[in-house]
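Letters go in sequence order (proteins before strands), and every chain restarts at 1.
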There are 2 protein chains.
Amino acid sequence: MVDVNNIDVYLKSQGIRPSFHRMKILEYLLRERNHPTVDTIFDSLRGMFPTLSRTTVYNTMKLFLSHGVVQALTIEEKEVRYDADTSLHGHFKCVVCGAVYDFGLEEEIKTFMNLKDFQINEHYIFLKGVCKTCLESREV
Amino acid sequence: MVDVNNIDVYLKSQGIRPSFHRMKILEYLLRERNHPTVDTIFDSLRGMFPTLSRTTVYNTMKLFLSHGVVQALTIEEKEVRYDADTSLHGHFKCVVCGAVYDFGLEEEIKTFMNLKDFQINEHYIFLKGVCKTCLESREV
DNA sequence: TCTAAAACTGTAATAATTACAAAAATACAA
DNA sequence: TTGTATTTTTGTAATTATTACAGTTTTAGA
């Protein structure tokens with residue numbers, strides 16, 4: 001995983017000039033790990049530097065995406081979320097509280113998705129249901 | 001799989017009144033199996049009955065969705081696609097030609113996505129890459 | 001046939017995203 | 001350091017998918 005203290009080095013290694021905004025946005029993604037939408041990122045960072053533009057967040061996410069620094073999650077229509085963890089893992093969205101959880105996947109799972117003669121570049125695994133916390137609070 | 005000749009019976013069994021438009025839209029989904037967007041459905045059926053409204057397609061898809069007659073695929077931002085096959089299977093999108101392919105998944109795969117103490121209602125498995133046809137035409 | 005409910009239509013409103021042009025910041029050569 | 005070209009950022013306008021809504025048509029059944 002990328003070291004939060006060396007974001008500039010990491011961005012350079014990915015062919016991206018490490019501007020102030022870009023570093024702050026990636027730092028946010030790495031620290032919070034909350035699979036935010038553009039609006040969530042924008043609202044969260046605006047407090048710290050009010051000069052930030054929503055367009056910059058859009059531009060930056062598009063740039064990060066094209067350089068493989070983030071993956072885009074479209075678990076649900078009308079909200080694209082971003083994840084700075086680009087390793088193989090799944091996502092679970094709780095339909096009650098809306099939280100998105102990560103969960104691990106063995107490499108092995110790829111054999112179950114083997115498409116003969118197709119070149120597979122990206123794997124997305126989304127589950128929906130009710131998370132443990134929401135299940136427990138319902139039982140009360 | 002649902003019999004294309006008994007769509008009215010099937011819709012009734014799902015608690016949906018089988019109106020003319022609803023039957024034609026479901027028939028389209030079952031026949032074409034092309035994971036269409038609302039616009040694709042609209043454009044395809046408009047020729048047959050020009051009185052069709054885009055809003056009707058939206059309304060119908062929302063109705064089908066809430067009754068479990070279709071599933072919504074959000075493989076990519078900015079396009080919700082619909083699939084009348086609600087059984088467990090995966091989807092592959094070719095980034096070159098844009099086609100969406102179905103592929104089978106063993107029940108077994110669910111054990112690889114077991115989230116302890118979570119209630120899982122829906123499984124979505126999306127792959128992206130290059131399909132066989134596009135790979136072959138590139139080699140030329 | 002008449003009436004109430006359901007379905008359909010078309011336009012207007014909303015929301016996420018993109019386009020674009022101007023302004024600011026940065027890099028770097030002279 | 002200064003000047004200039006390039007990159008980045010900003011803010012507004014445009015675009016696109018979707019939803020809201022109100023009026024019209026169709027349907028079911030008394």
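Within the 4.0 angstrom heavy-atom criterion, no nucleotide atom of any strand lies near B/Thr37. The residue A/Ser19 sits close only to the backbone: its heavy atoms come under 4.0 Å of sugar-phosphate atoms, none of a base. The residue B/Thr56 sits close to a base: some heavy atom pair falls under 4.0 Å.
The distance from atom CD of A/Glu79 to atom P of D/dT19 is 13 Å, rounded to the nearest whole Å. The separation between A/Ile16 atom CD1 and D/dT7 atom P is 15 Å, rounded to whole Å. Distance CZ (A/Phe49) to P (D/dT8): 16 Å, rounded to an integer number of Å. Taking atom NZ of B/Lys62 as the reference point, atom P of D/dC21 lies 11 Å away to the nearest angstrom. Between the C1' atom of D/dG11 and the CG atom of A/Asn59 lies a distance of 12 Å, rounded to the nearest Å. Atom CD1 of A/Ile25 and atom C1' of D/dT8 are 12 Å apart (whole Å).
Counting only heavy atoms from C-beta outward, the side chains of A/Leu127 and B/Glu122 never approach each other to under 4.5 Å.
A close approach under 4.0 Å does not occur between any side-chain nitrogen or oxygen of B/His21 and OP1 or OP2 of D/dT26. A close approach under 4.0 Å does not occur between any side-chain nitrogen or oxygen of A/Arg54 and OP1 or OP2 of D/dT9. The phosphate of D/dT19 has neither OP1 nor OP2 within less than 4.0 Å of any side-chain N or O from B/Tyr58.
When atom types are taken as modelled, the side chain of B/Thr56 and the backbone of B/Leu52 share no donor-acceptor pair closer than 3.5 angstrom. Using a distance-only test at 3.5 Å, with no hydrogens or angles considered, a donor-acceptor pair links the side chain of B/Ser53 to the main chain of B/Thr55. No donor-acceptor pair under 3.5 Å is formed between the side chain of B/Thr37 and the backbone N or O of B/Arg81.
With the nearest nucleotide of DNA chain C identified for both B/Arg22 and B/Pro50, B/Arg22 has the one nearer the 5' end. Nearer the 5' end of DNA chain D, as judged by each residue's closest nucleotide, is the contact made by B/Asp39, out of B/Phe20 and B/Asp39. Along DNA chain C, the nucleotide closest to B/Thr55 and the one closest to A/Lys78 are compared, and the more 5′ of them pairs with B/Thr55.
Listed candidates were D/dT9, D/dT7, D/dT10. Nearest to the side chain of A/Arg17 is D/dT7.
Look at A/Asp39 and A/Arg54 and you find a salt bridge, because one of the NZ, NE, NH1 or NH2 atoms lies within 4.0 Å of a carboxylate O, short of that distance. Using a cutoff of 4.0 Å between basic side-chain nitrogens and carboxylate oxygens, B/Glu79 and B/Lys93 are scored as salt-bridged.
Taking the six-membered ring for Trp and the full ring otherwise, the centers of A/Tyr82 and A/Phe64 sit at least 6.0 Å from each other.
First and last contacting nucleotides of DNA chain C toward chain B (any atom under 4.0 angstrom from a heavy atom, 5' to 3' order): C/dA6 to C/dT17.
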